[in-house]
S.K.: 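The structure's right below; bear with me while I get my questions together.
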There are 2 protein chains.
Amino acid sequence: MTATASPDADWLRLDRQICFSLHAASRAFNGVYRVILKDLGLTYPQYLVLLVLWEQGDLPVKKLGEQLRLDSGTLSPLVKRLEGAGLVRRERSAEDERSVRVHLTEEGAALRERALEVPRRIMSATGFDLAEIGELRARLDQLTTALDAAAQSEARSAR
Amino acid sequence: MTATASPDADWLRLDRQICFSLHAASRAFNGVYRVILKDLGLTYPQYLVLLVLWEQGDLPVKKLGEQLRLDSGTLSPLVKRLEGAGLVRRERSAEDERSVRVHLTEEGAALRERALEVPRRIMSATGFDLAEIGELRARLDQLTTALDAAAQSEARSAR
DNA sequence: CACAATTAAGTTGTGCACAATTAAGTGGCT
DNA sequence: AGCCACTTAATTGTGCACAACTTAATTGTG
């Protein structure tokens, strides 16, 4: 009974390979970042938060979440860990007491210098050139957009 | 100081877009699976384990881990949850007492019928056709291979 | 045979992702 | 003013990923 007995069985096989490939690639990326970021004492999601802050300056948690597609359930503890490491400060906004603004500390800003070499090392780890990466990125963004829309409509139709 | 003042700053921007796209796509896929698999009472990694078992029959945890690139730290509790749901049984191998074989229960085997429609729904959620998916899958597998090799050599050079 | 090295699972601890809920602040509207 | 809807964070609980370690069984070698 392990052989593919019907067209549906082939679909199950194929399916495994589509989503599984993405899943595996994502974890492989994570593994490389884990090794490279260890020197900086960062995890990959923490590094993403710092990338946004380095690029755009201080932001409220809400804005961080929009850019990274993460909610407060993920960001709150993550930012607190960054604060514990002395890389950021959290400050309630004076204008809107609901909002918490995340500021880079001097130490957090300084870490950017040491992070500058990370992209090159990642790039070389992929073995891809700029054009290939750009192509893949475009494909993945297209996929994400389609999947997000589908999840919405699936969730809607499940109500 | 938010503007890109050097070539290195551009690298940081670019970098965010490569790995971040993959990260986002992986989570988007997970979101769609979450919605679709809710009816079956499965998470996406649990579904992956069942896919392997449906296709290849009973396997030791070790073999499952090789195919899914997961270690016992992830698989042990996951398989126990599947056992708790009545979908699999775990049995110590008689020949090698170290090995635990994961068997589908009748209920677990029967769930396959209801899972047959999942791939089509996922496929349609991506908005991609078979050729595009195959192309993307090939690219991702290539990426995973390169990244795994790089993580090895990075880890080696860090010693 | 004895003992070291290896192997398979499981356990522990940390961190991320996300659903669901809570708490507190804001703004509109009558 | 009083009330209601909405917004922003934080919290709680579940599950996955992975490193580090433990336990028990097996294999290899002298």
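Side chains are part of it too, since the values below use all heavy atoms of this structure and drop only hydrogens, waters and symmetry mates.
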S.K.: Would you mind classifying the nucleic acid contact of Pro60(A) as base, sugar-phosphate or nothing, using non-hydrogen atoms under 4.0 angstrom?
M.R.: sugar-phosphate

S.K.: Kindly point out which of dA9(C), dA17(C), dA10(D) is positioned nearest to the side chain of Val61(A)?
M.R.: dA10(D)

S.K.: Considering Watson-Crick and G-U wobble pairs with both distances under 3.5 Å, what does dT11(C) pair with?
M.R.: dA20(D)

S.K.: Whole angstroms only, please: what is the CG-P distance between Leu64(B) and dA8(C)?
M.R.: 13 Å

S.K.: Starting from P on dA17(D), measure out to CG on Asn30(B) and report it in whole angstrom.
M.R.: 8 Å

S.K.: So that I can tick it off, tell me whether Asp148(B) and Arg69(B) are bridged by a salt bridge, with the cut-off set at under 4.0 angstrom between side-chain N and carboxylate O.
M.R.: yes

S.K.: Phe128(B) ring centre to Arg139(A) NZ or CZ under 6.0 Å, with the angle to the axis within 45°?
M.R.: yes

S.K.: Measure the distance from CZ on Arg27(A) to C1' on dG15(C) and round it to the nearest whole Å.
M.R.: 16 Å

S.K.: With a 3.5 angstrom cut-off on both distances, give the Watson-Crick or G-U wobble partner of dG28(D), or none if there isn't one.
M.R.: dC3(C)

S.K.: Using the side-chain heavy atoms of Thr43(B), tell me which of these nucleotides is nearest: dG15(D), dC18(D), dA10(D).
M.R.: dG15(D)

S.K.: DNA chain C: Gly73(A) or Gly73(B), which has the more 5' nearest nucleotide?
M.R.: Gly73(B)

S.K.: Taking atom P of dA17(C) as reference, at what distance in whole Å does atom CG of Leu70(A) sit?
M.R.: 5 Å

S.K.: Need to verify one output field. Residue with the more 5' nearest nucleotide on DNA chain D, Lys62(A) or Asp71(B)?
M.R.: Lys62(A)

S.K.: Go through dC18(C), dA10(D), dT26(C) for me and flag the one nearest to the Thr74(A) side chain.
M.R.: dC18(C)

S.K.: With a cut-off of less than 4.0 Å, is there a side-chain N or O of Arg98(B) near OP1 or OP2 of dG10(C)?
M.R.: no

S.K.: Could you check whether Leu75(B) gets within reach of a base, just the sugar-phosphate, or nothing at all, counting any heavy atom under 4.0 Å?
M.R.: nothing

S.K.: Would you say that Arg27(B) contacts Leu70(A) through its side chain, given a criterion of any heavy-atom pair below 4.5 Å between the two side chains?
M.R.: yes

S.K.: Could you tell me how far apart Leu147(A) (CG) and dC18(C) (P) are, to the nearest whole angstrom?
M.R.: 13 Å

S.K.: State which of dA19(D), dA17(C), dT11(D) makes the closest approach to the side chain of Arg34(A).
M.R.: dA19(D)

S.K.: Under 4.0 Å between any heavy atoms, over every strand shown, what does Arg90(A) touch: base, sugar-phosphate, or nothing? Just pick one.
M.R.: sugar-phosphate

S.K.: Please determine whether a side-chain nitrogen or oxygen atom of Ser99(B) lies at a distance below 4.0 Å from atom OP1 or OP2 of dT7(C).
M.R.: no

S.K.: Using the closest heavy atom to pick a nucleotide of DNA chain C for each, name whichever of Ala94(A) or Pro77(A) lands nearer the 5' end.
M.R.: Pro77(A)

S.K.: CD of Glu83(B) versus P of dA9(C): gap in Å, rounded?
M.R.: 14 Å

S.K.: Closest-nucleotide mapping onto DNA chain D: is Ser76(A) or Arg69(B) further toward the 5' terminus? I mean the 5' end.
M.R.: Ser76(A)

S.K.: Do Glu83(A) and Arg90(A) meet the salt-bridge criterion of a basic N to acidic O distance under 4.0 Å?
M.R.: yes

S.K.: Classify Lys80(B) by what it touches in the nucleic acid, base, sugar-phosphate, or nothing, heavy-atom distance under 4.0 Å.
M.R.: sugar-phosphate

S.K.: Name the orientation class of the two ring planes belonging to Tyr33(B) and Tyr47(B) (parallel below 30°, tilted from 30 to 60°, perpendicular beyond 60°).
M.R.: tilted

S.K.: Looking for any heavy atom pair under 4.0 Å, which part of the strands does Glu95(A) touch: base, sugar-phosphate only, or nothing?
M.R.: sugar-phosphate

S.K.: Checking all strands, does Asp96(A) fall into the base, sugar-phosphate, or nothing category for heavy-atom contacts under 4.0 angstrom?
M.R.: sugar-phosphate

S.K.: Would you kindly give the NE2-to-C1' distance between His23(A) and dA17(D), to the nearest whole Å?
M.R.: 8 Å

S.K.: Using atom CZ of Arg92(B) as one end and atom C1' of dA24(D) as the other, report the distance to the nearest whole Å.
M.R.: 8 Å

S.K.: Determine whether Leu75(B) and Val102(B) make a side-chain contact, defined as any pair of heavy atoms from C-beta on separated by less than 4.5 Å.
M.R.: no

